[in-house]
Amino acid sequence: MLIPNPIINQVLDHPLLEEKDVELSIKRLDLIHDLVPGNKFFKLKYNLEKATKENKNTLLTFGGAFSNHIHAVANAAHSMGLKAIGVIRGEKTFPLNPTLSDAKAKGMRLHYISRSQYREKTEEYFIQELHQLFGDFYLIPEGGTNQEAIQGTQEILQKEDEVYSHIALSIGTGGTFLGIFQACQIQQKALGFSSLKGNFIQKEIEELSEKYSIQTPKHYQIFTEYHFGGYANYDQSLIEFIWWFYENFGIVLDPVYTGKMFFGLWDLIKKGYFPKGSKVLAIHTGGIQGNRGFTFQTGIKLPSL
Ligand SMILES: *Cc1c(COP(=O)(O)O)cnc(C)c1O
């Protein structure tokens with residue numbers, strides 16, 4: 001099993017927070033594990049346990065070429081003495097980007113499939129084909145969202161976190177949001193910031209809640225206007241914000257998830273969204289490994305570790 005570091009909630013100091021009478025803390029999941037940081041630690045936790053219980057010696061999962069999930073699965077498998085297969089969307093390109101090069105160094109076998117094949121990845125016939133190629137494996141879905149992941153992400157919020165009025169986090173597939181939402185207290189409000197373009201995420205969250213029988217009588221709000229053009233898109237203001245955040249607080253954000261979430265959160269604070277006396281807990285879901293890949297692809301420098 002992977003042993004987590006203690007979870008820290010760090011209070012942020014800034015004149016704007018004083019002016020608005022808002023307390024802002026950041027839950028540093030980016031520090032929870034050296035090799036498997038962020039929300040992926042919690043999403044994988046019970047999947048790894050289940051794979052072990054089922055005596056599987058290979059994990060297979062899917063992802064894009066810069067995926068935090070692929071990176072986390074490669075590291076987790078390596079740490080636990082399991083084999084890993086990463087089914088990667090798109091063609092193989094040389095040199096390997098930092099994410100895939102790390103995954104390969106950790107022994108992950110990389111299997112590239114076309115974008116059209118990738119869309120078939122949840123079809124039974126396609127999984128059967130993968131079994132013919134690779135034999136027995138424990139399958140973790142793309143982005144890692146399944147029952148076990150939602151069970152794990154509920155553990156992100158702890159007893160001490162009941163004091164916060166708002167819990168803010170980034171949304172990709174929504175698995176982490178659902179776990180956190182499930183763990184929220186009745187008086188707390190969960191704020192999700194979607195990294196993907198479009199309003200479908202609201203419906204997706206409702207469907208996932210139903211699928212995983214999550215009771216959602218509590219308050220939540222999903223913001224769909226801070227995606228910067230869509231998943232993996234960005235603009236100069238986002239890059240500047242990430243640098244500004246790093247210079248002010250010494251905390252590294254990524255341009256895909258946490259940068260957009262904090263940009264949105266800071267914008268809401270400026271606009272007076274939060275009632276005076278609000279205590280906001282923002283979840284740093286990790287993703288820093290991707291900063292090297294971003295620079296690799298765009299040439300734009302970002303803070304990194
Ligand atoms: C994967 C990831 C997310 C999205 O998590 P979901 O459970 O898919 O919504 C958010 N932040 C970071 C840094 C991630 O790596």
Side-chain angles (χ1 to χ4, degrees), residues 26-33 35-47 61-76 99 102-103 140-157 167-183 190-196 198 200-202 204-205 207-209 211-212 214 220 222-224 226-228 230-232 234 238 242 245 251-265 282-294 302-305:
I26 171 168
K27 190 180 277 295
R28 300 291 306 270
L29 298 188
D30 53 323
L31 305 176
I32 192 141
H33 194 278
L35 297 169
V36 189
N39 61 338
K40 301 304 184 282
F41 180 91
F42 294 90
K43 293 187 88 169
L44 290 175
K45 179 176 173 183
Y46 290 105
N47 278 295
T61 197
F62 305 89
F66 295 91
S67 163
N68 296 328
H69 171 67
I70 287 286
H71 198 260
V73 169
N75 277 339
T99 303
D102 282 1
I140 305 176
E142 184 193 36
T145 291
N146 59 10
Q147 184 72 54
E148 285 71 28
I150 291 170
Q151 185 189 349
T153 54
Q154 286 175 40
E155 296 178 5
I156 292 174
L157 287 188
I167 313 291
L169 71 149
S170 166
I171 294 188
T173 63
T176 308
F177 184 78
L178 282 172
I180 287 198
F181 186 49
Q182 171 91 325
L191 309 177
F193 294 81
S194 180
S195 280
L196 284 77
F200 64 91
I201 190 68
Q202 183 80 33
E204 185 102 348
I205 293 285
E207 282 169 8
L208 285 170
S209 308
K211 181 170 172 196
Y212 296 114
I214 289 175
Y220 75 96
I222 293 173
F223 298 92
T224 54
Y226 298 111
H227 55 66
F228 289 85
Y231 189 77
Y234 63 95
L238 179 64
I242 290 173
F245 198 87
I251 298 172
V252 180
L253 303 175
D254 79 291
V256 181
Y257 295 106
T258 57
K260 293 178 182 180
M261 186 272 282
F262 271 103
F263 186 100
L265 187 58
I283 315 292
H284 193 315
T285 43
I288 305 309
Q289 71 84 23
N291 288 19
R292 297 162 309 155
F294 182 83
L302 285 176
S304 66
L305 297 177

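All values derive from a computational prediction rather than experimental measurement. For the single chain, residues carry numbers from 1 onward in sequence order. Both ligands and their constituent atoms are indexed starting at 1 by order of listing.
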task = Assert yes or no for the condition that the ring centre distance of Y234 to F228 is strictly below 6.0 Å.
result = no
query = What is the closest protein heavy atom to atom 8 (O) of ligand 1, and at what distance does it sit?
reply = T173 OG1, 2.6 Å
inquiry  = For atom 11 (N) of ligand 1, what's the nearest protein heavy-atom neighbour? Residue, atom name and distance, please.
reply    = T285 OG1, 2.7 Å
Heteroatom distance test ([X], ligand 1): nitrogen or oxygen, under 3.5 angstrom:
| X | result |
| --- | --- |
| K43 | yes |
| T176 | yes |
| F177 | no |

Contact atoms of ligand 1, heavy-atom distance to [X] under 4.0 Å:
| X | result |
| --- | --- |
| N68 | 13 (C), 14 (C), 15 (O) |
| G287 | 13 (C) |
| I171 | 9 (O) |
| G286 | 13 (C) |
| G172 | 4 (C), 6 (P), 8 (O), 9 (O) |

query = Backbone, side chain, both or neither: what part of N39 comes under 4.0 angstrom of ligand 1, heavy atoms only?
reply =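 Near ligand 1, N39 shows its side chain, while the N, CA, C and O stay back.
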message = Under 4.0 Å, heavy-atom basis, I'd like to know which part of K40 is in contact with ligand 1: side chain, backbone, both or neither.
response = side chain
key: Positive for side-chain contact (heavy atoms from CB on, under 4.5 Å) with L253, one of M261, H284, K260   = H284
query = Atom CG of L196 and atom OG of S170: how far apart are they, to the nearest 0.5 Å?
reply = 9.0 Å
ask   = Would you say the side-chain atoms of Q202 and Y220 include a donor-acceptor pair closer than 3.5 Å?
value = yes
query = Is a salt bridge present between E155 and K45, judged by a nitrogen-to-oxygen distance below 4.0 Å?
reply = yes
ask   = So, D102 and R292, do they make that salt bridge, N to O below 4.0 Å?
value =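 Result for this pair is yes, salt bridge flagged.
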query = Does NZ or CZ of K40 lie under 6.0 Å from the centre of the six-membered ring of Y257, at an angle within 45° of the ring axis?
reply = yes
request  = Kindly determine whether T176 and N39 satisfy side chain to side chain donor-acceptor pair (under 3.5 Å), including the steps that lead there.
outcome  = CA-CA 7 Å; T176 308; N39 61 338; 2.9 Å; yes
ask   = Between F193 and F223, what is the ring plane arrangement, given parallel below 30°, perpendicular above 60°, and tilted in between?
value =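 Parallel, since the angle between the ring planes stays under 30°.
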request  = For G174 and ligand 1, answer yes if some heavy atom of the residue is under 4.0 Å from a ligand atom, otherwise no.
outcome  = yes
